**Q** 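This is the structure, below, for whatever I ask next.
By convention here, the first residue in the shown sequence is residue 1. Please read these numbers as outputs of a predicted model, since none were measured by experiment.
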Amino acid sequence: MDGAVADLYGRPEIGMTVSRKKVAEGRWRLVVDLGRRGSFVVRWPERRLERFRWDEPDGDRDGAAGGGDGVLAAGRARSAGDRFVGKWFPEVRAGAEVTVVPLRDGRGGHLLSYRDPASGGGGPVRLETRVSPGGRVVEVTAHGARRAG
């Protein structure tokens with residue numbers, strides 16, 4: 001689990017809590033809470049990410065972590081989303097239709113929606129990914145993912 005935390009958040013976390021729910025024989029849904037840093041949900045033993053949230057540092061909200069003025073180009077947001085999706089949801093990326101929408105919620109960044117109309121490969125039908133003004137993926141939700149059990 002520490003490896004997944006390091007991949008998602010950049011370093012292992014001390015003090016994380018894990019709750020689990022059995023969904024079928026030998027299969028679990030794990031909810032990992034990192035306190036103020038965020039949380040994620042993964043199916044185990046498949047190691048399939050279902051949700052991810054990073055309560056980004058204040059510096060990233062205004063773009064300081066990305067070295068800019070808080071305005072992220074749609075192309076950079078798409079690149080960041082594509083890298084994340086390619087790593088954590090490789091079955092979605094190849095044929096997905098992607099929509100990029102700038103957020104006007106006071107936090108900046110972009111919302112990317114990956115829709116896979118031909119999701120016969122066991123992956124989610126749709127992914128929503130939020131990219132911060134600093135170019136970091138800070139939230140992902142998989143919709144329509146095949147669930148064990």
**Q** List the atom of Val100, the atom of Ala74, and the distance in Å for their closest heavy-atom pair.
**A**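 The pair with the smallest heavy-atom distance is CG1-CB, 4.0 Å.
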
**Q** Using every non-hydrogen atom in the two residues, find where Pro133 and Gly109 come nearest and quote the distance to one decimal.
**A**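 Looking at all heavy atoms of both residues, the shortest contact is CG-N, 3.7 Å.
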
**Q** Linking I/L/V/M/F/W/Y whenever their side-chain heavy atoms sit closer than 4.5 Å, directly or via other members, would Val137 and Val41 fall into one cluster?
**A**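 No; Val41 is not reachable from Val137 via cluster members.
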
**Q** Please name the pair of heavy atoms, one in Arg76 and one in Gly135, separated by the smallest distance, quoted to 0.1 Å.
**A**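 Shortest heavy-atom contact: NH2-CA, 4.4 Å.
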
**Q** Could you grab the distance from atom CZ of Arg20 to atom CH2 of Trp28, nearest 0.5 Å is fine?
**A**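 CH2 of Trp28 is found 4.0 Å from CZ of Arg20.
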
**Q** Under the salt bridge (charged side-chain N to carboxylate O under 4.0 Å, His left out) test, which residues partner Arg78, sequence neighbours left out?
**A**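 Applying salt bridge (charged side-chain N to carboxylate O under 4.0 Å, His left out) to Arg78 gives Asp82.
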
**Q** Go through the steps to decide whether Leu127 and Thr141 satisfy the test side-chain contact (heavy atoms from CB on, under 4.5 Å), and finish with yes or no.
**A** CA-CA 6 Å; Leu127 288 173; Thr141 303; over 6 Å; no

**Q** Output, in order, the C-alpha distance, side-chain angles, deciding distance and verdict of side-chain contact (heavy atoms from CB on, under 4.5 Å) for Glu97 and Thr99.
**A** CA-CA 7 Å; Glu97 300 166 359; Thr99 305; over 6 Å; no

**Q** What do the steps show when you test Leu103 against Val101 for side-chain contact (heavy atoms from CB on, under 4.5 Å), and what is the final call?
**A** CA-CA 6 Å; Leu103 293 173; Val101 178; 5.7 Å; no

**Q** Check Leu112 against Gly81 and note the closest heavy-atom contact, atom names and distance.
**A**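 Answer, listing the atom of Leu112 first, then Gly81: CD2-CA, 4.0 Å.
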
**Q** For a 4.5 angstrom cut-off between non-hydrogen side-chain atoms, does Leu72 reach Val131?
**A**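 In contact.
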
**Q** Hey, does Val85 have a side-chain heavy atom less than 4.5 Å from the side chain of Thr129?
**A**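 Thr129 vs Val85: side chains touch.
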
**Q** Can you measure from CG (Asp33) to OG (Ser19) and round to the nearest 0.5 angstrom?
**A**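 OG of Ser19 is found 8.0 Å from CG of Asp33.
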
**Q** Give, for atom CG of Leu34 and atom CZ of Arg53, the distance between the pair rounded to the nearest 0.5 Å.
**A**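 One finds 9.0 Å between CG of Leu34 and CZ of Arg53.
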
**Q** Any ion pair linking Arg51 and Glu139 (charged N to carboxylate O, less than 4.0 Å)?
**A**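 Judged by the 4.0 Å cut-off on N to carboxylate O distance, Glu139 and Arg51 do not form a salt bridge.
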
**Q** Taking the side chain as every heavy atom from C-beta outward, state whether Phe40 and Val140 have any atom pair closer than 4.5 Å.
**A**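 In short, these two side chains do not touch, never coming nearer than 4.5 Å.
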
**Q** Between Glu128 and Arg126, does any NZ, NE, NH1 or NH2 come within less than 4.0 Å of an OD or OE carboxylate oxygen?
**A**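 Answer for the salt bridge query: yes.
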
**Q** Closest approach of Arg29 and Val23, non-hydrogen atoms and distance?
**A**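 Closest approach of Arg29 to Val23: CB-CG1, 4.0 Å.
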
**Q** Looking at Phe52 versus Phe84, is the centre-to-centre ring distance below 6.0 Å?
**A**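 Here the rings of Phe84 and Phe52 have centres that are less than 6.0 Å from each other.
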
**Q** Is Leu49 linked to Val31 within one hydrophobic cluster, defined over Ile, Leu, Val, Met, Phe, Trp and Tyr using a side-chain heavy-atom separation of less than 4.5 Å?
**A**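 Cluster IDs for Leu49 and Val31 differ.
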
**Q** Please walk me through it: do Arg27 and Glu46 pass side-chain contact (heavy atoms from CB on, under 4.5 Å)?
**A** CA-CA 8 Å; Arg27 296 178 188 264; Glu46 298 94 335; 2.3 Å; yes

